[in-house]
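Notes follow the structure.
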Amino acid sequence: APDSGGGGGGGETGGAAEGEVPETPSEPVTLNIMDVAGNIKLTEGMVNAFVEENPDVISSVTWEAGGAPDLVGAVKPQVDSGNLQIDLVLTGTDGLSAGIDQDLWIPLVDEYGDRVSNQENYIEPAAAMQELAEGYGVLVTYYPSGPLLQYNPDAVEDVPSTPEELLQWASEHPGEFGYARPANSGPGRTFLQGLPYMLGDTDPLDPVDGWDNTWEYLRELNQYIDNYPTGTGQVITNIADGTWNLIPTTTGWDIEPRAEGRQPATIEAAAFDEFTWVTDAHYAVVPQGQSEDKLSAILLLLQDMLTPEQNAKAYDSGYFYPGPAVEGATLDLAPEESQQVIEEFGRDWYDDLIESNEKAVPLPAAELVEAFDIWDREIGAGKYEG
Amino acid sequence: MSARARGGDRSTASLSHRLAERGVDKSLLLLLPAILFAVLLFIYPFAYGVGLTLQPTESTVERYGGGALANYVAFFSDSFFRDSVWITMRLALPAALFNVLAAIPVAFKLRPRFRGKRFLQTLLVLPITLGTVLTAQGLLIFAGRQGWLNQFLTSTGIVDEPVAFVMNYTGVFLSLVISGFPFSFLLISSYLSGIDPSLEAAATTLGAGWFERFRRIVLPLLAPGLATTFILTFVLAFSVFPSARLVGDAGGETRVMALMAYRSFGEQIDYPMASTIAVLMGVVEIVVIALVLLWRSTLYKGSTGGKG
Amino acid sequence: MATTEAPESTSNATEPVPSRGVRRIVATPSTWLVWFLAAAFFVFLIGILISVIVDSFARGWFSTWLPPEWTTEWYSAAWRRFDLTHVLGVTLGVALTVVVISILIGLPAAYLLARRDFPGKRLVSLLFLLPIIIPPVTYGIPLATVMYNLGLGRTLTAVVLVNLVPSVPFVILTMTPFIEQINPSIENAARMCGASLRNVFLRILAPLLVPGILAAGILVLVRTVGMFELTFLVSGPRTDTLVVAIYRAMTQAGGAEARQLISAMAFIYTATMLTLLIIALRYINPTQLVARVRDTRDD
Amino acid sequence: MAIAAGAFETLELNGVGRSFGGQVALADLDLTVRAGEFIALLGPSGCGKSTALNCLAGLLPLTHGTITIDGERIDTLPSERRGFGMVFQNYALFPHLTVERNVAFGLQMRKVPKAEMKRRVAEAIALVKLEEHAKKLPGQLSGGQQQRVAIARAIVLEPRLVLMDEPLSNLDAKLRLEMRMEIRRIHQSLGLTTIHVTHDQEEALSMADRLVVLRAGRVQQVGTPEELHNNPVNWHVADFMGYRNITDVTVTSVAGDRIVVESPDLTITATAVEGVHEGETARLAIRPEDLRVLAPGEDPEGGNAVEAEVSVVEYHGREFSVGTVTRSGATWHVRSEHAPLAGDAVTLTVDPARALVFRRDLSDVDGEERQLEEARR
Amino acid sequence: MAIAAGAFETLELNGVGRSFGGQVALADLDLTVRAGEFIALLGPSGCGKSTALNCLAGLLPLTHGTITIDGERIDTLPSERRGFGMVFQNYALFPHLTVERNVAFGLQMRKVPKAEMKRRVAEAIALVKLEEHAKKLPGQLSGGQQQRVAIARAIVLEPRLVLMDEPLSNLDAKLRLEMRMEIRRIHQSLGLTTIHVTHDQEEALSMADRLVVLRAGRVQQVGTPEELHNNPVNWHVADFMGYRNITDVTVTSVAGDRIVVESPDLTITATAVEGVHEGETARLAIRPEDLRVLAPGEDPEGGNAVEAEVSVVEYHGREFSVGTVTRSGATWHVRSEHAPLAGDAVTLTVDPARALVFRRDLSDVDGEERQLEEARR
Ligand SMILES: Nc1ncnc2c1ncn2[C@@H]1O[C@H](COP(=O)(O)OP(=O)(O)OP(=O)(O)O)[C@@H](O)[C@H]1O
Ligand SMILES: Nc1ncnc2c1ncn2[C@@H]1O[C@H](COP(=O)(O)OP(=O)(O)OP(=O)(O)O)[C@@H](O)[C@H]1O
Ligand SMILES: NCCCCNCCCN
Ligand SMILES: [Mg+2]
Ligand SMILES: [Mg+2]
């Protein structure tokens, strides 16, 4: 039912709405939140806490999950028909920019940035990631991601510490190393984007003309890889059951599967001697045509989520390690269970590594899609000679 | 008797008779809901989807040229797209063929009444309850490198190295057989039951052994049904999507058209291209179906009872 | 042609003859192939089913024959995470509604196609065949847009409507042979008894078509419960069916849910379907699920 | 049981015709049926009998003509409102309803009150002697019993007209005989107007007040059983009425009805039914029971004598059916009280009054239909 | 055409039996068939005729007994190696093969050389007069033509034995008559040994050299047509052989064969076929054609007189079939040369030699089968 308030078509909201968004909603609103980035684990606690504290602002929330590719399919018809069923979207960079291309989002920061003033507290790499949002999204969680390596210590004695050694190892153990198709996998795309830095490519941000070494390297590596799963889940299974012995990973993908029991706890992680973190983050965006009341509530919510106390909940079970995007959101502020999991399954050397190594933002969406396209054609399809 | 003029004289029969004669009467209204439904919810969106294929994105036009037809130009000039037709065929044709061919002897053997027949039939229907997800999941677990099947094969020494049943062509093929075989078995059983058993008895009394009976009597009479079964399993296999992704090699051997459409739709955010691939899927399917139907039209298709 | 084989005994007229064995020998090679095929099929079928069930109750099962530890926690996790009570309710509600409506719309149309000739019949048949052979991807997205434009996005109504698109033609396709099978003179007899078309339908055809309706119904049910593509495009968190929920769980960004959780959900799906199927099989012959079958005479 | 006799005086079919896409299945049928009559529609397979019946019932739209009852047109009424009863060839019982409920169906459709319905159903079931089987389903009954249910279902409505489409053709010989009597008895005891379709001439002769012989969609002759049996109007009707011996002959002399015909084998004095003239090729038709084997020394009747040799002898209970062959190879079927041996030479004779001569061409049947006719033989 | 006469002297069935899961379909059939014989298996529906034929053909395994040809067992041979030909009730023509190729099928199976095959097919087709239709598919033929193809297909193999399962039951009256002659003619001209299944007593009588009457799986009587027609061994055979008037009577005196029986309506002198004694309830059977309407003033035959009232009159061509009812409501079917009117009082008479009396109980049929029998009536 068209209960989403007075907001009509997308065009109406833009500038005209600016002055009209009240400080607080005229009555408590309910929010439907869509998560297309696996963000719910990180932020659900923050949102629930806010709703509990401010029942006069938000009476209740519902969540739904999906994949980034589903995002536009779900939101565009709603925006086009002026009939919003999704009030707030939590997304990674891919969904974010797909929506920007399709003109789905309200320019939240450009127009209401002052009402989410806690953005000033972003830690430095998070602030860099916020730039990618082009004024449309508010970054809520951040992690440095990878590329790291995970291996089965029973099978891998001399753990590779450079891409060359990795290639060497793979050639000596064909079929025992692998990674997922980058378009479908966080560690996959992190590995892909991290290589240009390690291999000294001319322009790590230009996959078409600047990644000669990377593409060459992946082509060679390809000879020793059986297949590329279409999801990280299968990669985890492969190393868990011994099908594979060495995979690329990220901080989160190293900690959480072991914590959940999807991998034996004995699986080890390692870092390349020299590498640049390719960071990652989650954003909150609001579809065009949102009502003033809901918008007002959302702004209040986001502001609250960026306080250190709340943001520290993003430690979670190491899923997005470390997770928080603001200064001062230290582990001791995180919930008790969260601290225990990190204690048990975290790696003590992660924090130093994060501190010491360079950090780079990932490719902008258009370039990333292009990189995927090249990978699909040159590497993925290479397995099959039409 | 009457001296009435005959032939062209139609004035004596009433109008309603004449309309009814052509099959037009008010009972045709029974069709209306279904037609309305199909037109509004299928034809309209389908036409819209086809229209979309003629509105290529700028980058497609830039890269491939061809104006409004850029999507089609792209599909046919870029081997990355074009190959998917062959990849899909390479999977769907053998799978459909296998399902049909393997079902024939089984249906044949299970034809007479025997104890436990219904139980066996029920077991064969079981896979329709599995769903693609469970089938894929099960194949990965059961037939994966460390699955029971490989553990059994290696521990009994039948093979040295685990066999790669999944994450490749074989995996998708297996999943197509598991979901498609029961379907063709049941369909072929039903066609088989329509062949009058006295025909085979007759052939027997004329001196035909089991093979000759099968080859000369049953098979020719079954052929049109086989064609229909083939078409139906082919359609199922052709639009294979979840299993191609979950138990196949989605980038390589099993990069089927449905995956390509999904890739354009969800990952490349290129709806016109996605629609184009989808429409071409339909076209390719229809071409294959038309060929099979053409072949089928050359077969004997009348009654399969003993009386001609 | 003279008899060649010398029988072992020529005169024991009353002793039962072991003639059963005699004709079996001839069929041996084909029997062999059939049993091999069937056995291979069942090994896979049962293997798949059991391994998923085991996985869904397993903890820490990596490369051993059986899991080191058993748990039901994946089920409770799935239930909690996805509110499966609600999802199952939606799934069954949607499926049953689709079954009823598609039979109500499809049956009269099937009747007409089975019984009558009229101008444009071929065109109409084609119209009903297309939604079954055209991949849903082709019309799914515009169809979803239509739904949203009608203000029906993410409502149960929309989920039901899109599922009707392939279901109505499917009912028509499966019901037509069942109707053709009923002797038209039975209808004529009813009309001669003074029954109107409506009464012919309600009192004669409907009861006679019960097996067909059940078969079509169960197939539509199975297809609807399994229909991912179309449902997914118009459903939302409160209107997701089980497959959509599973798919979302599997393809969710940030990595899928744990394999065991998916196994648990997949098994819930199968158990649901199986229950429906077993209920249905009490009333109909399994082979009728796909097509009408005359039971074979074996004389 | 008070089933009212026909609620009409006369039912008239005027030029009723029906084509299937150009092919004429029934042409120009004129017939007046009086209340209480038992009429048989007789003809070989495919001659249009069912078509005629279905047109009358309203199950097939007409392409020509009108049907009126006491002057009012009824062909525009849908079949459920014509008030006729019909018994189908395959019975067409409702397989899911008990005998009782099959019979009650029509009354329910007419919303007859419960009590009356019960009474009438019981009466109809009693009439066909199925009281013990009232609660059974049709599938549990034998063919003859099903047949009787079909009749009860049709007559319980007290229809103005009962239509029967080969109701006996699926029964075995013994049962067929019994059911014939049964139908005739019910007809007589209720005074129902009945139109009965059959391809069995014996059945038609034994049951009907009047017969309508159809051929290739056209009426050949209408008359009482005796008229048809003794005076068929053309060789086709004769053929169908049991004149098994039919052969082409040349007319050599004509003297009123009494004519002489010839063929290589025989010269016979016969009776002309249709006007023929000298020199014309005509068709001679004789029933097997009218053709006798001449006892040695006996004089042939009217001088008619045919020399032949016995080829097949069939035993028919009290008498024998003998197939004989003349020198030129023509077959003559004869009845005989004693059994001759195959190979015996015999002389056959026939009363000139019982040897009928017809025109050879059936002028009213056009080419295509003749072909059809030929194909069927 | 040189089809060799049967390549055996005698075919013997010894105690052949077949049960379907406990239900006996055929029991203890003993029969010796001599080369060249035409034997009819006769009995009502479900009596086991097809079962017997299928056992003989090898399409059904036996559960009891043996079948031998000239002393050699053949029941262990698969049916394709018995060298029999079979004509199926529904013809079972291969619908996808032309007439020619249907007929050639068996020869192909035997790998007969091309030229010989062609010749033999042409001969067989000529024998059944289907030369013009050789290239047609079965679906394009009429029932009678299909029938003839089925026969040609069976005999082209020069089988030692031809089996026919009710081959005429689907044909119309006229065609049936013609096909009977045809089959008989082919049988005679080729000297084939034939076993023919039918439920039509007239057909059996007219075609066969010997008849085997079956009932509920058991042989009732074996004999020539005359034997069966005139001397049925029990009331069941009588019933089946056309003794339509069957009624229960009490035996009042016995003097050798000649006995006197009574019922409320009549006292009749009759002939005992089975031994009965005074006071016993027995069954009286009379053919309609043996029961005459007494002309006024005429003396009843053997003092046998039954008073009755005419209820139904059927015209049967030359004669009438009259249904009469006695005071107590029993129906007697009578033949008459002239047509009495319904309601007329008549006196019926019968030659004591033609009024047969049988035992009432058929001791050889057990309870279940009797029930079956009852249900069928
Ligand atoms: N639906 C139809 N379409 C085309 N032709 C038809 C149809 N129904 C009947 N005919 C043709 O009309 C003619 C008359 O058919 P009809 O059924 O009236 O014959 P019939 O006398 O009842 O024969 P039978 O004794 O075999 O039942 C036949 O030549 C038949 O082929
Ligand atoms: N395959 C079977 N399974 C069980 N019972 C059977 C089977 N075939 C025949 N019967 C039973 O055996 C008995 C004899 O059947 P059969 O077919 O020999 O009869 P029939 O004399 O040929 O009858 P009809 O004249 O109706 O063809 C019947 O009671 C029948 O029900
Ligand atoms: N469990 C590991 C989480 C890693 C998250 N990656 C998110 C990528 C989003 N585009
Ligand atoms: Mg008819
Ligand atoms: Mg039989």
Side-chain angles (χ1 to χ4, degrees), chain B residues 22-24 27-28 30-31 33-35 37-38 41-42 45-46 48-49 102 105-106 109 111-113 118 121-122 125-131 133-135 137-139 141-142 146-149 151 174 178 181 183 186-187 189-190 193-194 197 209-210 235 239 258 261 278-279 281-282 285, chain C residues 26-27 30-31 33-34 37-38 41 44-45 47-49 51-52 55 63 65 105-106 108-109 111-112 116-119 124 127-128 131 133-135 137-139 142-143 146 161 165 168 172 197 222 226 246 262-263 266 269-270 273-274 277 281 286-287 289-294 296-298:
Chain B
R22 298 213 164 75
V24 181
S27 66
L28 281 186
L30 290 177
L31 268 179
I35 291 187
F37 210 86
L41 294 183
F42 174 71
F46 180 61
Y48 181 98
V106 179
K109 265 281 114 78
R111 185 163 53 149
R113 221 178 282 161
R118 196 175 164 122
Q121 285 175 335
T122 307
V125 186
L126 192 72
I128 66 170
T129 66
L130 296 185
V133 173
L134 186 132
T135 308
Q137 185 87 348
L139 271 175
I141 301 173
F142 173 70
Q146 312 294 335
W148 284 336
L149 186 59
Q151 286 194 40
L174 284 175
I178 284 166
F181 174 76
F183 184 78
L186 292 175
L187 213 57
S189 289
S190 82
S193 75
W210 72 269
V235 167
S239 45
V279 166
M281 274 176 78
E285 267 188 295
Chain C
V26 212
S30 66
T31 312
L33 176 71
V34 168
L37 278 175
F41 184 79
F44 268 89
L45 189 63
I48 282 172
L49 193 58
S51 54
V52 170
D55 190 51
S63 55
W65 275 95
I105 297 180
Y111 172 77
L112 235 70
R116 299 279 301 278
D117 251 325
F118 51 87
V124 173
L127 179 67
F128 292 140
I133 58 171
I134 296 287
V137 206
T138 322
Y139 60 90
L143 178 59
V146 172
L161 281 177
V165 175
V168 170
I172 295 176
L197 189 61
V222 165
I246 296 179
I262 308 288
S263 287
Y269 174 92
T270 299
M273 292 281 240
L274 206 58
L277 192 71
L281 286 181
T287 41
L289 283 181
V290 180
R292 87 202 138 105
V293 166
R294 279 161 281 204
T296 46
R297 276 165 46 95
D298 51 359

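Heavy-atom basis, side chains included; hydrogens, waters and symmetry copies ignored. As the structure is a computational prediction, the values presented were derived from the model and not from experiment. Chain identifiers are assigned alphabetically (A, B, ...) following the order of the sequence lines, protein sequences preceding nucleic acid strands; residue numbering begins at 1 within each chain.
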Worksheet item: Which atom names give the shortest non-hydrogen contact between C:Leu143 and B:Pro45, and what distance separates them?
Response: N-CB, 3.6 Å
Discussion item. List the residues meeting side-chain contact (heavy atoms from CB on, under 4.5 Å) with B:Ala258, not counting sequence neighbours, and say none if there are none.
Written reply: B:Phe241, B:Val256, B:Met281
Practice prompt. Side chain from CB out, backbone as N, CA, C, O: work out which of these in B:Phe37 comes under 4.5 Å of a heavy atom of chain C, or both, or neither.
Written response: side chain
Discussion item. Nearest 0.5 angstrom please: C:Leu49 CG to B:Thr129 OG1, how far?
Written reply: 7.5 Å
Worksheet item: Do the side chains of B:Leu139 and C:Phe44 get nearer than 4.5 Å, heavy atoms only?
Response: yes
Fill in: Heavy-atom side-chain proximity of B:Ile35 to C:Phe128 below 4.5 angstrom
yes
Worksheet item: How far does CG of B:Leu134 sit from OH of C:Tyr269, to the nearest 0.5 angstrom?
Response: 9.5 Å
Discussion item. Strictly distance-based, threshold 3.5 Å: is any side-chain N or O of C:Trp65 a donor or acceptor partner for the main-chain N or O of B:Trp148?
Written reply: no
Worksheet item: Does any non-hydrogen side-chain atom of B:Leu126 lie less than 4.5 Å from one of C:Leu277?
Response: no
Worksheet item: Heavy-atom distance under 4.5 Å to chain B: side chain of C:Val124, backbone, both or neither?
Response: side chain
Item to complete: Could you tell me which non-hydrogen atom of C:Ala266 sits nearest to which non-hydrogen atom of B:Val133, and how far apart they are?
Response: CB-CG1, 4.3 Å
Worksheet item: Using non-hydrogen atoms only, which part of B:Gln151 is less than 4.5 Å away from chain C: side chain, backbone, both, or neither?
Response: both
Worksheet item: So which part of C:Ile172 gets closer than 4.5 Å to some heavy atom of chain B, the side chain, the backbone, both or neither?
Response: side chain
Item to complete: Would you give the length of the straight line joining atom CG of C:Leu45 to atom CZ of B:Phe142, rounded to the nearest 0.5 angstrom?
Response: 10.0 Å
Worksheet item: For C:Leu274, is it the side chain, the backbone, both or neither that has a heavy atom under 4.5 Å from a heavy atom of chain B?
Response: both
Practice prompt. Answer whether the closest heavy-atom distance between the side chains of C:Leu197 and B:Leu30 falls below 4.5 Å.
Written response: yes
Worksheet item: Looking at C:Val222, C:Val168, C:Ile246, C:Leu161, which one has more heavy-atom pairs under 4.5 Å with chain B than the rest?
Response: C:Leu161
Worksheet, complete the sentence: Closest non-hydrogen contact found for B:Gln137 with C:Ile262 is NE2-CB, 3.8 Å
Fill in: Sequence-distant partners of B:Phe181, ring pair (Phe, Tyr, Trp, His ring centres under 6.0 Å), two or more places apart
C:Phe41
Practice prompt. For residues B:Pro105 and C:Val34, report the shortest heavy-atom separation together with the two atoms involved.
Written response: O-CG2, 3.4 Å
Item to complete: Sort B:Val279 into side chain, backbone, both or neither according to what part of it lies under 4.5 angstrom from a heavy atom of chain C.
Response: both
Worksheet item: What part of C:Ile105 lies closer than 4.5 angstrom to a heavy atom of chain B: side chain, backbone, both or neither?
Response: both
Worksheet, complete the sentence: Nearest heavy-atom approach of B:Ile141 to C:Ser263 is CD1-OG, 3.8 Å
Worksheet item: How long is the gap from CG on B:Leu130 to CD1 on C:Ile48, to the nearest 0.5 Å?
Response: 7.0 Å
Discussion item. Heavy-atom pairs under 4.5 Å with chain C: which of B:Ala34, B:Gly282, B:Ser239 has the most?
Written reply: B:Ala34
Fill in: Greatest number of heavy atom pairs closer than 4.5 Å to chain C - which of B:Pro127, B:Gly49, B:Pro33, B:Gly147
B:Pro127
